[in-house]
Structure formats: structure tokens, C-alpha cells
Amino acid sequence: MPNVRLTKKILIVEDEKPAAKAFWLKLGRAGFESEIAFDGVDALAVLARKKFDLIILDLVMPRMDGFELLAELKNKKINTPVIVTTNLSQDEDEKRARDLGAIDYFVKSETPIANIVEHVKKVLGQ
């Protein structure tokens, strides 16, 4: 049987369109299939109809922020790994996100997207 490599699917939850597009482009170049949701409400709608291997999540968004989305994922028993990318750099924000289930936490202003994509590859075993 041939070795079939299934493309890993990533949901990008980011309200800043340029940042969302940059993630989408870089992840696509790295061989991932990704989709964008612009806030937590949209993300829940997408997650209700599709499965993803990973979620990249901003915390500061309109309608439903990343903390609320993390809580909802926990409530709905959606166990997709979540990597937080945010401009919130306080230790208590990171602790709160991790307590809600985030597996990693990156401060956008301190971390190039290319580094986050490299980390995604490691997390997804690629």
C-alpha cells in the first residue's frame, strides 16, 4: 500500500486580517491546509462542521475572545490542540490560557510567524 500523507488541517482564529492572511500563507507554504475564522463565534461554527488537527488562536477579538473560546472548547469536549498567539504578554494571561487548555503561548511582537510555523511542524510531527 502506498504511503499516503494526509494534509494536516489548521484553524486560524485571528481578527486582524493581515495577520490571519500571513499565517494562512506561511502555513500553506509549509504544506498545511488552513482555514480562517475572525473571532470565537465564527470558530465555533467552523468547528461544529469540520475537524482540525490544530488551532492557532488570538486572544483579543470581538464578539468572543480567545479565553472564552478556550472555555467553550473545554465545555464542548473539543480536544484539538491550541497554540495561542497574542500581544498579551503578562504572565497571568499565559497562565490563564494554559489553565484553559492551550498547549503553547507565543507573544506576536516577540515571535516571527516563521518560528511559530516551525513549532507547528514539531507539534504535528512534520
Side-chain angles (χ1 to χ4, degrees):
M1 185 155 189
N3 185 5
V4 179
R5 185 170 162 256
L6 296 173
T7 304
K8 300 282 187 180
K9 294 177 178 57
I10 300 171
L11 179 60
I12 302 159
V13 187
E14 167 65 69
D15 65 316
E16 294 175 30
K17 289 180 173 57
K21 183 157 176 125
F23 270 117
W24 185 83
L25 286 169
K26 292 224 185 266
L27 289 165
R29 284 192 200 117
F32 297 105
E33 188 180 308
S34 55
E35 192 165 326
I36 299 169
F38 293 109
D39 62 39
V41 175
D42 290 343
L44 284 175
V46 172
L47 288 164
R49 60 180 200 276
K50 287 186 181 175
K51 292 250 183 269
F52 291 86
D53 298 293
L54 183 75
I55 298 169
I56 293 178
L57 176 64
D58 185 19
L59 291 177
V60 181
M61 298 179 292
R63 295 203 301 165
M64 178 188 285
D65 70 23
F67 292 117
E68 293 171 294
L69 180 59
L70 282 166
E72 277 299 304
L73 295 175
K74 202 177 228 187
N75 290 343
K76 294 179 184 297
K77 297 188 179 4
I78 297 172
N79 297 318
T80 307
V82 177
I83 293 176
V84 167
T85 61
T86 183
N87 284 318
L88 297 178
S89 58
Q90 301 296 315
D91 290 343
E92 40 297 359
D93 293 319
E94 179 173 357
K95 181 182 181 332
R96 184 175 170 207
R98 287 185 183 276
D99 288 348
L100 287 167
I103 62 165
D104 287 301
Y105 191 99
F106 293 98
V107 177
K108 289 186 219 175
S109 61
E110 299 169 4
T111 316
I113 289 177
N115 293 19
I116 296 169
V117 171
E118 285 305 309
H119 187 74
V120 166
K121 287 181 187 176
K122 286 184 194 128
V123 168
L124 294 177
Q126 302 210 311

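Because the structure is predicted, anything quoted here is derived from the model rather than measured. The basis for the numbers below is simple: all heavy atoms, side chains too, and nothing from hydrogens, waters or symmetry mates.
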K122/E118 under salt bridge (Lys or Arg N to Asp or Glu O under 4.0 Å): CA gap, chis, key distance, verdict: CA-CA 7 Å; K122 286 184 194 128; E118 285 305 309; 5.9 Å; no
Atom pair CG (L59) and CD (E14), whose distance is rounded to the nearest 0.5 Å: 10.0 Å
W24 (side chain) donor-acceptor with S34 (main chain) under 3.5 angstrom: yes
Salt bridge (charged side-chain N to carboxylate O under 4.0 Å, His left out) involving K50 - partner list, sequence neighbours excluded: E35
ILVMFWY network linking F106 to L70, side-chain heavy atoms under 4.5 angstrom: no
Selection residues 87-99 - residue pairs positive for side-chain hydrogen bond (donor to acceptor under 3.5 Å, both in side chains), sequence neighbours left out: E94-R98, K95-D99
D65 backbone acceptor or donor facing E68 side chain under 3.5 Å: yes
Euclidean distance, L44 CG relative to L73 CG, rounded to 0.5 Å: 6.5 Å
Those residues that, when tested against F38, pass ring-ring contact (aromatic ring centres under 6.0 Å, His included) (two or more places apart): none
Atom pair CG/CG of D58 and D39 - distance to nearest 0.5 Å: 10.5 Å
Nearest non-hydrogen partners of D53 and K8, listed with the distance: OD2-CA, 3.2 Å
NZ (K108) with more than 12 external heavy atoms under 6.0 Å: yes
Nearest atoms (heavy-atom pairs only) where V13 meets G40: CG1-N, 4.3 Å
